[in-house]
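The first residue of the sequence shown is numbered 1, and numbering continues consecutively from there.
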Amino acid sequence: MNTALAAKTTLLELNQRLVEQYEAKHPIADIVKQRSAFIDDLLQQAWKRFQLCEHPMALVAVGGYGRGELLPFSDIDLLILTQQNEVCDTTKARLSDLITYLWDSGLEIGHSVRTVSETLIQGKADITIATNLIEARFLCGKNALFDDLYQQIRQEDFWPSAEFYNAKKDEQTQRHSKASAFDLEPNIKTCPGGLRDIQTIAWVAMRHFNAANLTELVEHDFLEPSELEELIECQNYLWEIRFALHTIANRNENRLLFDLQRQVASLLGYEDATQLAVEQMMKRYYRTVRRVMELNQMLLQLFKRATLGHIKALAIQPINEHYQRRGHYIEVLDDNLFSSQPEEILRLFLHAIKNSNIQNIYAPTLRLLRKARRGLKGPLQDNPACRKVFLEILKHPRGIVAFSMMHKHGILSSYLPAWRKIEGQMQFDLFHAYTVDEHTHRLLLNIERFSQAEQKDEFPLGAVLINQLPKKGLLVLGAIFHDIAKGRGGDHSKLGATDAIEFCKLHGLNDHDGRLVAWLVENHLVMSVTAQRRDISDPEVVATFADKVHDTVHLSYLYCLTVADICATNEKTWNNWKGSLLRDLYFSTQRVLARGKEKPVDEQARVEEIQAKAQKELIRRGIKPKDMQALWARFKPEYFLRHQPNQVAWHSEAIIKHNSNEPLVLISKHTTRGGTELFIYSQDRPKLFATVMTVLDNKNINVHDANIMTSIDNYALDTFVILEQDGEPIVQLSRIQSVRKAIEKALATENPKLPKFRKLARIMKPFNVPTQVSFLPSIRQGTSMMELIALDTPGLLAKVGDIFYRCEITLLAAKITTIGERAEDFFILQTHDGLALNEAQQQHLANALNIALTQSS
């Protein structure tokens, strides 16, 4: 066996041994050090084997390897120091043989060959190289070369502390701008709160104090022992995750990808319970990164204050005998205030929002706040004085700003025990992009945005309603409690409503206000579900919703909560389509509430009103009344009830001018409810819906709404609202023409050859959404309402349409909702005879859908 193969075999044996130690719960720090020590030994032996000891060179570990920290597939960063700029051919050959040997042994080697002076020049020019050098560690060779480098990089002119701090702070700011701490697939190293943030603390302090590790920073009074313990605890957990990632991925993988998360959780020892194993693991991960972020903020600010003297120069303005403003920071003047008077913990945030110049907490004050938080004997809400201050914050116009700061620094969970339970809690799906607590935090910030003048264009109705609410604080409480019972099992809306009632009673709110908050929590999903998954053009749907809402005050509160909630779920959820649906439902419901149930809508009068408005527009466009009347005589009343006058005019003009038996395909350049309208007029035919859905899926277009109807003489009058994958309307002329031509081609032949469906995306593969088919009580006579939940696979709607055809079912309307990896679609159906489905037909259809969609997922 050659030496490289033997080394590779030994390395694999080491990996297996370390995995066994990991599974046996050996300390991760020992495992990380063991691997580094093994690589040290391997490199030192190789240095000798290739006779490099005879040459004036030194082998130096840098970067993470320099720290003596190696995970299974970490890069091995090496610096080879030479005495002269040029090395002889013999040395070059031996170095080449060494690197080849290391690669053949299975190591990921990154190396550079430089003199001391070259190394210093490059280090001074590049902060990344300078950082690696600060952690340089001698391995073998000529020690004098390393000693020379070691002394030189510790001179003041090699990255002075102030410059080094500013460079690393800028580097961190730039890194944080590229990712969120709460990404669904976080990078363990580089996301905010990740390993890099811990290392940044160490780097800036080690550069100033010439410390070799974090532990020495306690001796310099930069770190307190409890802070060091917390940093090491956080670092070890992140190492554990990273070790599992490397082991499972069998590569240097630092991203917690969805398709790896379940396996990582299993290797870490988590098991499914009330919460999935993966959710338990990620809960601790998100809590860990939040702790790191707070420590990082505090310690870097302390470093700047203690060593650079920058913050001392900030202007000081007294607030009262206990507090002052120092620049943009709030500072407490009594070190014992928080521990002796717990209500002052909350008053700190109240003073912060009363002064708009205050943006953050002064680091020494944050350190005191952290100590007080850890020393609490029970929830702050149990203290009457604390409850009084909390209500002051709730009633303040900038109260949400205070709650945001309280969330950031763990005070909201110190006040409200139920909040602690949702901190870091994630849901293993593609819809909820944030942990439950972070989602609620963002919801609160969205409510605050409604009041900002620059947001009026995005939230025109919200901007009006937020200022009309009798008590904005009740909306804030509804927001805080809306998801607070998630993860307990059971209906989180009902459980949260119970929590809200108890909270309101404890805080002395009157019964009316308490009931309103509880109602908001229990019904926070009702408006969203009604708008997105029900037929809101049906007066009965709106009337049923109006019954649940009771009055316009409840409606306004619920609208604001619903919009803020949707926008806080993930960055892609909100779009003009959803905004338009919610506004339409709001105004339709407002009209019903104002009119009262005793005045039902006269459908015939509504049809005549729509026709009159459309006729006026058509005459303006040069269409003869007799032509439109002849066309409309073929249309059922339902067509007019489901379309606006401008749509009727657009469709009618195009049909009248369409002198052909070929299908007519229209795509509007103007948006309908925030989406692009697709209209198809064609002699009805089998599988028309499935054909159109196949073409749109192939074009990577989302369908959000469908009205499927036929004329009296059996012509299809199908209307769809379609959007691009990013939720935006389809506006490019070339894109519109491409889609239109593809549909026309597919409809032009009896049995078109349709394109194959797209492959399932990588990010969808870890998810399993069992197909569920349920039938709901139908409001409209002669129809059946069906709800379908399934994995959102490519071609889903085309497959559903094909099953409808095979089961001899007629589709009348559809609402298409995608929630992450889940499709939650709503269909209005009837038999070919125009009747509602009986129980046997419902069961037959459900079975067919289950079989077809299970096989294709």
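Looking only at distances, a side-chain donor or acceptor of Lys799 sits under 3.5 Å from a matching main-chain atom of Pro794. The closest donor-acceptor contact from the side chain of Thr562 to the backbone of Met527 lies at 3.5 Å or more, if one exists at all. A donor-acceptor distance shorter than 3.5 angstrom exists from the side chain of Gln647 to the backbone of Gln644, with no hydrogens or angles considered. Judged by distance alone, with hydrogens and angles left aside, the side-chain atoms of Asn850 form a donor-acceptor pair with the main-chain N or O of Ala846 at under 3.5 Å. Checking side-chain atoms of Asp833 against main-chain N and O of Leu835 turns up no donor-acceptor pair under 3.5 Å. For Ser784 (side chain) and Leu837 (main-chain N/O), a donor-acceptor pair under 3.5 Å exists by modelled atom type. Under a 3.5 Å cut-off, the side chain of Asn847 and the backbone N or O of Gln843 do form a donor-acceptor pair. Side-chain N or O atoms of Glu808 include none that pairs as donor or acceptor with a backbone N or O of His832 at under 3.5 Å. Listed for the Lys815 side chain is a donor-acceptor partner under 3.5 Å among the backbone atoms of Ala531.
If you check the side chains of Gln611 and Gln629, you find no donor sitting under 3.5 Å from an acceptor. Checking Arg442 against Tyr434 by side-chain atom types alone, a donor-acceptor pair falls below 3.5 Å. Between the side chains of Asp713 and Ser711, at least one donor N or O lies within less than 3.5 Å of an accepting N or O. Looking at Gln604 and Glu608, their side chains do bring a donor and an acceptor atom within 3.5 Å of each other. A donor-acceptor contact closer than 3.5 angstrom links the side chains of Asp551 and His554.
Paired with Leu696 under the rule side-chain contact (heavy atoms from CB on, under 4.5 Å), one option of Asn702, Thr691, Ile701 passes, and it is Ile701.
Closest of all the heavy-atom pairs between Thr530 and Ile536 is O-CG2, 3.4 Å. For the pair Ala814 and Leu811, the tightest heavy-atom approach, listed with the atom from each and the gap, is CB-CD1, 4.4 Å. When every heavy atom of Leu796 is checked against every heavy atom of Ala790, the shortest pair comes out as CD1-CB, 4.4 Å. When all heavy atoms are compared, the tightest approach of Ile566 to Ser528 is CD1-OG, 3.9 Å. Nearest heavy atoms, Leu465 versus Ser556: CD2-OG, 3.7 Å.
The line from OG of Ser652 to CD of Glu617 is 11.0 Å long, rounded to the nearest 0.5 Å.
With a 4.5 Å cut-off on side-chain heavy atoms, Val695 and Val739 do not count as touching. Within the 4.5 Å cutoff, the side chain of Phe689 has heavy atoms near those of the Phe720 side chain. For the pair Leu520 and Phe481, the minimum side-chain heavy-atom distance is 4.5 Å or more. Residues Leu631 and Ile655 form a side-chain contact, since some pair of their non-hydrogen atoms from C-beta on lies under 4.5 Å apart.
Glu522 has no carboxylate O lying under 4.0 Å from a charged side-chain N of Arg515, or vice versa, which leaves the two without a salt bridge. With respect to the salt-bridge test (charged N to carboxylate O, under 4.0 angstrom), the residues Glu609 and Lys613 qualify. Salt bridge absent: Glu638 and Lys636 never bring a charged side-chain N and a carboxylate O closer than 4.0 Å.
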*Given side chain to side chain contact (heavy atoms under 4.5 Å, CB included), test Cys567 with Phe459 step by step and report yes or no.*
CA-CA 11 Å; Cys567 292; Phe459 304 110; 3.6 Å; yes

*From CA spacing to verdict: side chain to side chain contact (heavy atoms under 4.5 Å, CB included), Ile623, Lys657*: CA-CA 9 Å; Ile623 303 298; Lys657 291 180 178 179; 4.0 Å; yes

*Would you please test Phe450 and Val563 for side chain to side chain contact (heavy atoms under 4.5 Å, CB included) and show each step?*
CA-CA 10 Å; Phe450 292 163; Val563 173; 3.9 Å; yes

_Verdict with supporting geometry, Arg534 and Glu787, salt bridge (charged side-chain N to carboxylate O under 4.0 Å, His left out)_ = CA-CA 10 Å; Arg534 296 293 180 265; Glu787 206 163 39; 3.3 Å; yes

_Quick one, Glu744 with Glu662, criterion side chain to side chain contact (heavy atoms under 4.5 Å, CB included). Give me CA distance, side-chain angles, the key distance, then yes/no._
CA-CA 8 Å; Glu744 287 174 345; Glu662 296 297 318; over 6 Å; no

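Ring orientation note: the planes of His482 and His439 are tilted relative to one another, at an angle of 30° to 60°. Between His651 and His643, the ring-plane angle classifies as perpendicular under the 30° and 60° cut-offs. Using bins of under 30°, 30° to 60° and over 60° for the plane-to-plane angle, the ring pair Phe804/Phe827 lands in the perpendicular bin. The aromatic rings of Trp519 and His550 lie tilted to each other, with the angle between the two planes from 30° to 60°.
Residue Asn661 qualifies as open at atom CG: its count of foreign heavy atoms under 6.0 Å is 12 or below. Within a 6.0 Å sphere centred on OH of Tyr681, heavy atoms belonging to other residues, nucleotides or ligands number more than 12.
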